[in-house]
Chemist: 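Would you mind keeping the following structure in view while I ask a few things?
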2 protein chains.
Amino acid sequence: MTLTPAETLRRHGLQATAQRLAVLRAVASQPHITADDVAAVAAVEIGTISRQGVYDALNALVQRGLIRRIQPVGSPARYEDRVNDNHHHLVCRICGAVVDVDCAVGSAPCLTAKDDRGYEIDEAEVAYWGRCPECAAQGRTSSRLDPAARRRRGAPRVVATPTPS
Amino acid sequence: MTLTPAETLRRHGLQATAQRLAVLRAVASQPHITADDVAAVAAVEIGTISRQGVYDALNALVQRGLIRRIQPVGSPARYEDRVNDNHHHLVCRICGAVVDVDCAVGSAPCLTAKDDRGYEIDEAEVAYWGRCPECAAQGRTSSRLDPAARRRRGAPRVVATPTPS
DNA sequence: TCCATGAATTGGACATTGTCCAATTCATGA
DNA sequence: TCATGAATTGGACAATGTCCAATTCATGGA
Ligand SMILES: [Mn+2]
Ligand SMILES: [Mn+2]
Ligand SMILES: [Zn+2]
Ligand SMILES: [Zn+2]
């Protein structure tokens, strides 16, 4: 049988509050959502939630491994609920779009660095940088676009995620 | 024959200003340096440099591919002059230390994502997360430390870099 | 060597993202 | 239902970076 969200929270030693449940749903509602958008989505659901409440909830959930935080250069942190599947990200240098991509190497072997310098590695975070199909189609070019320029173009598009493997 | 820094700048269409040269040296002076530390190092060298001047120089250099920007979660952006060698990073979840690590796969094949979704990929950015030898030796543990906690422990240690391959 | 010109820098206001803290409210087990 | 510690709130604050208009500078050509 599958756990309710509230039960999941309690199993991780967290109280099941309306704020946390709303944050959890907000993160599930959209791939790679920002804290700001989480706040907006959650506010619609439960009427009001403080900025600090959003950050506290996100941090608590990240710490328990219930959600994952990624932080593309030039973008605020983004959160997703695809977790423990060792997937990576494609980021468009031009429009900032972020899409999921499965690990090239397999389930987890990309965890193996050539020389781990004595580190105990538990996660390999991979971001592939390049140009998305749309930007290519429109002939838009940009070498190593700086964060400011990316931001001026507006928030990165949210791109539909393929069904997780 | 090898180019002087000033010549290198001009070859990339940039005027050779005192600020840019100082920023270039600052980035070379320390692996994974922050903009703030760049400003401090450069100020010592040339007397004074504006905050905007530092950011303008860093962005111009990144755009030309003369330096690289990385941004570990929970840390301000960091800059390095090891460029075009497809190297990756080990980051300690506990103390935030960042060290270089050569690509596990070879010179560039980690550029090949399993499914590129039509992206033209030009860079694969890999961060290995884990626990550094010191933190392990001291028995310090931390599961998915949040950025705030990492910041409270002070700036990440700077760790000596092995000679680039 | 000097000048004209566009490139680069400066200072200061401002934006964004996130944290700190003390007071209050809430969820949970007894 | 209550006591208790966990969680939330609001508001100040911190860190990182950008915008903009005025000024200064680097460079190629006279
Ligand atoms: Mn993802
Ligand atoms: Mn490096
Ligand atoms: Zn694009
Ligand atoms: Zn460490």
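To find a chain, count down the sequence lines: A is the first, B the second, and so on, and within it residues start at 1. Values in this document were obtained by computation on a predicted structure and should not be read as measured data.
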Chemist: To the nearest 0.5 Å, what is the distance between SG on B:Cys135 and CD on B:Gln138?
Modeler: 6.5 Å

Chemist: Out of D:dG17, C:dT9, D:dT9, which nucleotide sits closest to the side chain of B:Ser50?
Modeler: C:dT9

Chemist: Scan B:Arg20 against the nucleic acid and name what it touches under 4.0 Å (heavy atoms): base, sugar-phosphate only, or nothing.
Modeler: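 Since only primed, P, OP1 and OP2 atoms lie under 4.0 Å of B:Arg20, the category is sugar-phosphate.
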
Chemist: Find the distance A:His12:NE2 to C:dT28:P and express it as a whole number of Å.
Modeler: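 The answer, rounded to whole Å, is 16 Å.
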
Chemist: Go through it in stages, so that I can follow the logic: the residues are B:Ile67 and B:Val23, the test is side-chain contact (heavy atoms from CB on, under 4.5 Å), and I'd like the CA-CA distance, side-chain angles, deciding distance and then a yes or no.
Modeler: CA-CA 10 Å; B:Ile67 64 176; B:Val23 164; 5.5 Å; no

Chemist: Take atom CD of B:Glu7 and atom P of D:dG28, then tell me their distance rounded to the nearest Å.
Modeler: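 Value for this atom pair: 12 Å.
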
Chemist: Any carboxylate oxygen within less than 4.0 angstrom of a Lys/Arg side-chain nitrogen, looking at B:Glu123 and B:Arg68?
Modeler: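 Judged by the 4.0 Å cut-off on N to carboxylate O distance, B:Glu123 and B:Arg68 do form a salt bridge.
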
Chemist: Between residues 34-48 of chain B and DNA chain C, which residues have a heavy-atom gap below 4.0 Å?
Modeler: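 The stretch gives B:Thr48 as the residues lying under 4.0 Å from the strand, ordered by number.
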
Chemist: Under a 4.0 Å N-O cut-off, is there an ion pair linking B:Arg82 with B:Asp102?
Modeler: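 Yes, charged N to carboxylate O under 4.0 Å.
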
Chemist: CD of A:Gln71 versus C1' of D:dT16: gap in Å, rounded?
Modeler: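 Atom CD in A:Gln71 sits about 11 Å away from atom C1' in D:dT16.
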
Chemist: Nearest-nucleotide wise, let me know which of A:Gln19 and B:Ala18 is further upstream toward the 5' end of DNA chain D.
Modeler: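 Looking at DNA chain D, the more 5' nearest nucleotide goes with A:Gln19.
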
Chemist: Which whole-number value in Å describes the distance from A:Arg51 CZ to C:dA15 P?
Modeler: 14 Å

Chemist: Which atoms form the tightest heavy-atom contact between B:Pro5 and B:Leu21, and what is the distance?
Modeler: CB-CD2, 3.7 Å

Chemist: Can you see if the side chain of A:Asn59 gets near the phosphate of C:dT19 - specifically, an N or O under 4.0 Å from OP1 or OP2?
Modeler: yes

Chemist: For B:Val98 and A:Tyr119, which heavy atoms make the closest approach, and how far apart are they?
Modeler: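 So the minimum-distance heavy-atom pair works out to N-OH, 4.4 Å.
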
Chemist: Rounded to whole Å, please give me the gap between CG in A:Leu58 and P in D:dT8.
Modeler: 11 Å

Chemist: With side chains defined as the heavy atoms from C-beta onward, is the minimum distance between A:His87 and A:Val101 less than 4.5 Å?
Modeler: no

Chemist: Toward the 5' end of DNA chain C, which comes first, A:Ala77 or B:Gly13, by nearest nucleotide?
Modeler: B:Gly13

Chemist: Give B:Ala60 one of three labels, base, sugar-phosphate or nothing, depending on what nucleic acid heavy atoms sit under 4.0 Å from its own.
Modeler: nothing

Chemist: Specify the separation, in whole Å, of atom OH of B:Tyr55 and atom P of D:dA15.
Modeler: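 Rounding to the nearest Å, OH of B:Tyr55 and P of D:dA15 are 12 Å apart.
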
Chemist: For D:dA3, what is the paired nucleotide under Watson-Crick or G-U wobble rules, both distances under 3.5 Å?
Modeler: C:dT28

Chemist: Taking only nitrogen or oxygen atoms into account, show me every contact under 3.5 Å that the protein makes with nucleotides 20-25 of chain D, one pair per line with its distance.
Modeler:
none

Chemist: Of the nucleotides C:dT28, C:dT9, D:dG17, which has the atom closest to the A:Arg10 side chain?
Modeler: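 So the side chain of A:Arg10 is nearest to C:dT28.
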
Chemist: D:dG11 C1' sits how many Å from A:Ile49 CD1, rounded?
Modeler: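 Going from CD1 in A:Ile49 over to C1' in D:dG11 covers 17 Å.
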
Chemist: Looking at every strand, decide which applies to A:Ala57 at a 4.0 Å heavy-atom threshold: base, sugar-phosphate, or nothing.
Modeler: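 No contact at all - A:Ala57 keeps every heavy atom at 4.0 Å or more from the nucleic acid.
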
Chemist: In terms of side-chain geometry, is the basic nitrogen of A:Asp122 or B:Arg93 positioned less than 4.0 Å from the acidic oxygen of its partner?
Modeler: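 Salt bridge: yes.
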
Chemist: For B:His32 and B:His89, take the angle between the two ring planes, folded into 0 to 90°, and tell me which bin it lands in: parallel under 30, tilted 30 to 60, perpendicular over 60.
Modeler: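 Perpendicular: the ring planes of B:His32 and B:His89 meet at over 60°.
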
Chemist: Between atom CG in A:Asp56 and atom P in D:dA6, what is the gap in whole Å?
Modeler: 14 Å

Chemist: Looking at B:Leu61, B:Leu58, B:Asp37, which hits side chain to side chain contact (heavy atoms under 4.5 Å, CB included) with B:Val27?
Modeler: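 Exactly one option meets the side chain to side chain contact (heavy atoms under 4.5 Å, CB included) with B:Val27, and it is B:Leu58.
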
